[in-house]
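Scope of the values below: all heavy atoms of this structure, side chains included, with no hydrogens, waters or symmetry mates.
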Amino acid sequence: MKRIIIYTGVMFTLLIGLSGCYKDIITPELASGPDDLPPQQVSFQTELVPIFNTNCALAGCHVSGARAPYLTTAVAFTQIVNGGFVNLAIPKESMIYQMITGEMAQYMPAPVKTNTQKVYDWIRNGAPNN
């Protein structure tokens, strides 16, 4: 009788122990935001400079002698990159990105989200002079 109780106890313990084991199934999350997707190729000269020229490089704004960075065609790249307005390690911490998504967002042309994404992708690609 003792043997039956011991075997029953061992079987019960094994049954509980084995039924408690399971495998977690971890499914990857799908890309949901701009940081999750790879950055698109953006040309500084053909895509960003026209945005800056028509909306930022205006008299009294970001032209030579006014507020830095100067965003005229000839000096825009050097002013942005060498002036410390780009943070390649943490693109969202770049001053230029924070400005165009913050207090200067009202001056970005429509579609605003697309144009700010272009600047963000350009920074994420290493801010090339292309």
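- Side-chain contact between P91 and Y120 is present, with heavy atoms from C-beta onward closer than 4.5 Å.
- Residue pairs meeting the side-chain hydrogen bond (donor to acceptor under 3.5 Å, both in side chains) criterion with at least one partner in residues 104-113, sequence neighbours excluded, are absent.
- Between the OG1 atom in T101 and the CD atom in Q117 there is a gap of 11.0 Å [rounded to 0.5 Å].
- For the atom pair CG (N130) and CG (N125), the distance works out to 8.5 Å, reported to the nearest 0.5 Å.
- Legend: residues meeting ring pair (Phe, Tyr, Trp, His ring centres under 6.0 Å) with F52, ordered by chain and number and at least two apart, are absent.
- Contact detail for V63 and L58: the closest heavy-atom pair is CG1-O, 3.5 Å.
- For residues 42-62, the set of pairs meeting the side-chain hydrogen bond (donor to acceptor under 3.5 Å, both in side chains) definition, not counting sequence neighbours, comprises S43-T46, Q45-N129, N53-T73.
- Residues passing the side-chain contact (heavy atoms from CB on, under 4.5 Å) test with M99 are E103, M104, sequence neighbours excluded.
- Closest non-hydrogen pair, M95 versus G84, comes out as SD-O, 3.9 Å.
- Between the NZ atom of K118 and the CH2 atom of W122 there is a distance of 14.0 Å, given to the nearest 0.5 Å.
- Distance OG1/T116 to CG/D121: 9.5 Å, rounded to 0.5 Å.
- Scanning for side-chain contact (heavy atoms from CB on, under 4.5 Å) contacts around E93 gives N87, I90, Q98, with sequence neighbours left out.
- Listed here is the closest heavy atom pair of C61 and C56: CB-O, 3.3 Å.
- Atom CD1 of I96 sits about 6.0 Å away from atom CG of L71, to the nearest 0.5 Å.
- Here the shortest heavy-atom pairing between F44 and P128 reads CB-O, 3.8 Å.
- Taking both residues in full, the closest heavy atoms of P39 and R124 are given as CD-NH2, 3.5 Å, listed atom of the first, atom of the second, then distance.
- Membership of the apolar cluster around V75 extends to Y70, as traced through chained side-chain contacts below 4.5 Å between ILVMFWY residues.
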